[in-house]
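These notes concern the structure reproduced below.
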Protein chains: 2
Amino acid sequence: MNKPVQQRTLKTRANLVEAARAIVLDVGYEGLRTEEVVKRASVAKGTFFAHFADKDALLELLIGEALLECLDQMAERPAPVTVPEVVEHLMPLIGLMTQSRFVFDVIVRHSGAAVVESLGPIAQSFDLQYAVFAKWFDPEGDHPFRRDVPPELLAEGIQAFAIQAMALMFCAINSVTSVEDRLTVYLNAWLLPSK
Amino acid sequence: MNKPVQQRTLKTRANLVEAARAIVLDVGYEGLRTEEVVKRASVAKGTFFAHFADKDALLELLIGEALLECLDQMAERPAPVTVPEVVEHLMPLIGLMTQSRFVFDVIVRHSGAAVVESLGPIAQSFDLQYAVFAKWFDPEGDHPFRRDVPPELLAEGIQAFAIQAMALMFCAINSVTSVEDRLTVYLNAWLLPSK
DNA sequence: AGCGTAAATTGACCGTGGTCATTTATTAGG
DNA sequence: CCTAATAAATGACCACGGTCAATTTACGCT
C-alpha cells in the first residue's frame, strides 16, 4: 500500500473544487449546481459523488476554508479587553457567516461534527473558535471579564450568543437592532455580570 | 368580499394536513413525501403547492403545533426557582426539538420569521417561549436568579444556551455529556453568576 | 512489454420537490 | 336559470441531487 491514492484522483478533486470556487464567484453559494460543477471540471456527474458524499460536503469545504482563514487572522490580534472590543473582534467572522441566510444555514447544519472520525472544516472552525475565544479569558491575563467560571465556558457562551444574534438578524421582526448592538447587550450580561 | 375563501378550500387543506399527520405517524417527519401526502388526501400534486408554499411550510405547521402545545403545558406550571428546576422545566421542549436531527434543523431554520406579516407557528412558538421564560424572572417574584439584567434578556440567554446544548447533542464528539448536564452548567453561569 | 487487479470514471437513470397552462367548480348578477 | 368572472384543482412536465452497473485507466508484478 505504498500508493493507495492516485495522482489522477487528486487532480480531479482539485478540478472540481476549482470549478466550484469559480461558480461561487459567479452566482454565489446558493446558485451552485452540481451539474455546472461537473461541466466546468469536465467530468461526469458520478465522479463528483465519488469525491464528495453530497453537495453539502462541497459547500462545507468551501465555506469552511473561508471561516478558517478568518479565524487565523482573528487569532493573530491582541486579545480584546472590553465588551465592545470583543464584539469588534467577532465582526469579521459574523460578516462571513451572515453573508446570506443560505450560508448561515449551511454553517449551522455543520457546526457540530456528526461523526467522530474526521470532523469537517466547519466543525473544525468551531473548535478553533472555541480555542481562540477561550484564550481571551486566560485567568492569568489582564482583563476585566468575570473569573468565576472557566474560560472555556465563557467561550461557549460567546458562540451561543453569537448564533442567537445572527439568527435574529435574519428575522424581519427583530432586524431593527443591529447584530453589533444586540451582541453587545448579550456579552455585557454574560462577561460582566454585576449580579 | 363577503366570502373570499370557499368551503372547498378549507376542506382540501384539512385533508392535506390530516394525511400528513398520518404519514408522520407511520414514517416520521423525515420520511414524509409530498407525493404520498397528495395520494392520501386524494388531490393532485399542484393542489398541495396551492396550499403550502413548499414542503417545509407543511413541516413547520406540523412541528409548530406540537411545540405550541408543549409550551402551553409549560406555561401552566409554577415557575422554577433553582437552576435544576429550570432545566427540568425545559426538558419536554428539548425532547421535542431533539427527537431527530432532521426536526431540529427544521426548527432552527424557522425559528426566526423571515417575513413580518404572519409569522409561522415555529417562530410563534419562539415568541411564546420568550414570554414564558421571561415570566420566571419577574423582578417582583421570589427567585434567586440575577436581577442586574431584565427578565427578557435572561429569557433570550436561555434560548441561546438551549440551542447550543441541543446542537452539541448531535455532535458525536461532545455527546458524552448529556443535554441536561451541559445546560445546567450553562445556566448556572448565566442565571447565578458569582462574578 | 504484457497481464491481472483494483481504483477511478462514466452517463443513463431515478426520486422527489416544485411549476404552470389548462380544465373544472363556485359564486354573483341579471 | 343562465352566464360571465373568478377561484380552485389538475397532472404533465421540469430541475436537480444522487445512484450504480458497466467501462476505462493506472499500477505492481513477472
Side-chain angles (χ1 to χ4, degrees), chain A residues 1-20 22-24 26-63 101-103 105-106 109-110 114 120, chain B residues 1-20 22-24 26-63 101-103 105-106 109-110 114 120:
Chain A
M1 45 161 65
N2 33 1
K3 265 210 147 196
V5 60
Q6 306 180 359
Q7 288 306 317
R8 177 172 58 150
T9 311
L10 298 172
K11 184 81 176 85
T12 305
R13 189 187 165 94
N15 282 153
L16 284 166
V17 173
E18 198 188 348
I23 291 167
V24 169
D26 278 3
V27 294
Y29 292 100
E30 198 161 359
L32 185 137
R33 299 282 167 267
T34 57
E35 300 200 340
E36 183 65 22
V37 176
V38 298
K39 204 172 100 188
R40 290 216 204 182
S42 306
V43 296
K45 191 90 157 280
T47 304
F48 180 96
F49 292 97
H51 287 264
F52 301 98
D54 49 28
K55 188 180 144 177
D56 241 36
L58 172 64
L59 288 172
E60 198 198 349
L61 184 77
L62 298 178
I63 295 172
R101 173 87 225 202
F102 180 82
V103 168
D105 283 346
V106 173
R109 252 203 312 281
H110 290 90
Chain B
M1 48 159 64
N2 36 1
K3 266 213 146 193
V5 60
Q6 306 180 359
Q7 288 307 318
R8 181 172 55 149
T9 311
L10 299 172
K11 184 81 176 82
T12 304
R13 190 186 163 93
N15 283 152
L16 284 167
V17 174
E18 198 187 348
I23 291 167
V24 169
D26 278 4
V27 294
Y29 292 100
E30 197 160 358
L32 185 138
R33 300 281 167 270
T34 57
E35 300 202 340
E36 183 65 23
V37 176
V38 298
K39 205 173 101 188
R40 290 215 204 182
S42 307
V43 296
K45 190 90 157 279
T47 304
F48 180 96
F49 292 97
H51 287 264
F52 301 97
D54 49 26
K55 187 180 147 179
D56 241 37
L58 172 63
L59 288 172
E60 197 198 350
L61 185 76
L62 298 177
I63 295 173
R101 173 89 225 202
F102 180 83
V103 168
D105 283 346
V106 173
R109 255 204 311 281
H110 290 90

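A note on names: the letters A, B, ... follow the listed sequences, proteins ahead of strands, and every chain is numbered from 1.
Taken from CD in Gln7(A) to OG1 in Thr12(A), the straight-line distance is 11.0 Å, to the nearest 0.5 Å. Taking CZ of Arg33(B) as the reference point, atom CD1 of Ile23(B) lies at 10.0 Å (rounded to 0.5 Å).
Rounded to an integer number of Å, the gap from NZ of Lys11(B) to P of dA9(D) is 12 Å. The CZ atom of Phe49(B) sits 13 Å away from the P atom of dT16(C) (whole-angstrom rounding). Rounded to an integer number of Å, the gap from Gln7(B) CD to dA9(D) P is 12 Å. Atom-to-atom, CZ of Arg13(A) to P of dA8(C) comes out at 12 Å; the value is rounded to the nearest Å. The CZ atom of Arg8(A) sits 7 Å away from the C1' atom of dT9(C) (whole-angstrom rounding). As a whole-Å value, the separation of Asn15(B) CG from dT10(D) C1' is 16 Å. Distance Leu10(A) CG to dA26(D) C1': 14 Å, rounded to the nearest Å.
Using a 4.0 Å cut-off on heavy atoms, the residues of residues 51-61 of chain B that approach DNA chain D are His51(B), listed by number. Of the residues in residues 28-46 of chain B, those with a non-hydrogen atom less than 4.0 angstrom from any atom of DNA chain D are Val43(B), Ala44(B), Lys45(B), Gly46(B).
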Identify all side-chain donor-acceptor contacts of residues 55-63 of chain B below 3.5 Å with residues at least two apart in sequence or on another chain.
from, atom 1, to, atom 2, distance (Å)
Lys55(B), NZ, Leu32(B), O, 2.9
Asp56(B), OD1, Arg109(B), NH2, 3.1
Asp56(B), OD2, Arg109(B), NE, 3.0
Asp56(B), OD2, Arg109(B), NH2, 3.3
Asp56(B), OD2, His110(B), NE2, 3.4
Glu60(B), OE2, Ile122(B), N, 3.4

For residues 38-46 of chain B, please give each side-chain donor-acceptor pair under 3.5 Å, one per line with the distance, not counting sequence neighbours.
from, atom 1, to, atom 2, distance (Å)
Arg40(B), NE, Glu36(B), OE2, 3.1
Arg40(B), NH2, Asp26(B), OD2, 2.9
Lys45(B), NZ, Glu35(B), OE2, 3.2

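Here Thr9(A) lies in heavy-atom contact (under 4.0 Å) with sugar-phosphate atoms only.
In the set dG18(D), dA7(C), dA9(D), the nucleotide with an atom closest to the side chain of Thr12(B) is dA9(D).
Residues Leu16(B) and Phe52(B) meet the side-chain proximity criterion, which asks for heavy atoms closer than 4.5 Å. Residues Tyr29(B) and Val106(B) form no side-chain contact, since every pair of their non-hydrogen atoms from C-beta on lies 4.5 Å or further apart.
Residue pairs meeting the salt bridge (Lys or Arg N to Asp or Glu O under 4.0 Å) criterion with at least one partner in residues 5-16 of chain B, sequence neighbours excluded, do not occur; the list is empty.
For the residue pair Thr34(B) and Phe49(B), the shortest heavy atom distance occurs at CG2-CZ, 4.3 Å.
Every residue two or more places apart in sequence or in another chain was checked for a side-chain hydrogen bond (donor to acceptor under 3.5 Å, both in side chains) with Glu30(B), and none qualifies.
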